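Letters A, B, ... are given to chains in the order of the sequence lines, protein chains preceding strands, and every chain is numbered from 1. These numbers were taken from a predicted model, which means no experiment stands behind them. Computed from heavy atoms alone, side chains included, the values below leave out hydrogens, waters and symmetry copies.
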Amino acid sequence: MIKIVFFAALREQLDCAELTVPAADIATINQLKQVLVGLNPLWQTYFENKALLSAVNHDMVDGEHSIKSGDEVAFFPPVTGG
Amino acid sequence: MNNSISIQTKDFSLADEVALLEQDNEIDGAVVTFTGRVRNQNEGLKVSGLFLEHYPGMTELSLEKIITSAKERWNIGRIKIIHRVGQLKIGEQIVFVGVTSKHRQDAFAANEFIMDFLKVKAPFWKKELTEEGEKWLGARSTDNDKAKQWC
């Protein structure tokens with residue numbers, strides 16, 4: 001299983017803080033995005049947003065990054081701290 | 001305490017933090033501190049408060065990495081980073097970065113470097129309470145440009 005968490009504006013847009021999907025057939029972040037859009041087509045516009053950032057196990061990664069069962073994947077908008 | 005990171009809801013005292021950076025520290029002659037505060041306006045709108053969200057775990061890890069990078073570049077002594085989360089009012093302190101070094105150049109540069117990367121790498125998000133309602137802040141391209149200068 002892959003645990004997925006969402007933050008800030010994205011969490012509010014999706015109305016979802018976290019969910020879990022089976023890891024089978026998901027090898028990369030980009031593939032995971034497709035699976036999520038398949039689960040809820042209304043999410044397409046948010047996952048097509050080029051500014052969307054992703055992290056695997058607390059490390060910022062790009063769309064080609066590989067993922068496996070047990071990983072925690074996060075999606076969030078550009079950060080605005082400080 | 002050579003490096004210290006604190007993500008907290010409560011306020012902090014600049015005087016206490018400087019005292020900790022200086023305590024039993026006889027080798028560093030320079031102490032550079034930065035404090036960020038909540039402003040009363042942004043992008044032409046009046047702001048009455050701020051909510052700060054973060055990604056627990058990743059926040060600490062990303063700040064540790066920034067500290068490691070700073071230590072590779074400069075000869076610095078102690079580093080303290082405090083970032084507040086939750087509800088904040090106008091004028092309240094948001095962030096503190098304190099760096100000590102033997103001579104001032106290292107601490108000045110490292111402090112700016114840490115803030116520049118905190119702005120673009122650390123998973124914090126600000127939601128402003130404005131006269132037009134609640135509004136998540138968008139990323140500033142100037143912040144990205146500023147971080148890129150270090151490479």
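- If you measure heavy-atom distances from B:K127 to chain A, the contacts under 4.5 Å come from the side chain alone.
- Heavy-atom pairs under 4.5 Å with chain A were tallied for B:F124, B:F51, B:W136; the largest tally goes to B:W136.
- For the atom pair CG (B:N75) and CD (B:Q105), the distance works out to 11.5 Å, reported to the nearest 0.5 Å.
- Between the side chain of B:D28 and the main chain of B:A30, no donor-acceptor pair closer than 3.5 Å is present.
- With ring centers used as reference points, B:H54 lies 6.0 Å or more from A:F7.
- B:I94 touches chain A through its side chain: at least one heavy atom from C-beta onward sits under 4.5 Å away, while N, CA, C and O do not.
- Proximity to chain B (any heavy atom under 4.5 Å) is shown, for A:A8, by both the backbone and the side chain.
- Ion pairing between a basic and an acidic side chain is recognised when a charged N comes within 4.0 Å of a carboxylate O; B:D116 and B:K119 show no such pairing.
- Looking at B:K121, the atoms closer than 4.5 Å to chain A (heavy atoms on both sides) sit in the backbone and in the side chain alike.
- A salt bridge links A:D59 with B:K65; the closest basic N to acidic carboxylate O contact falls under 4.0 Å.
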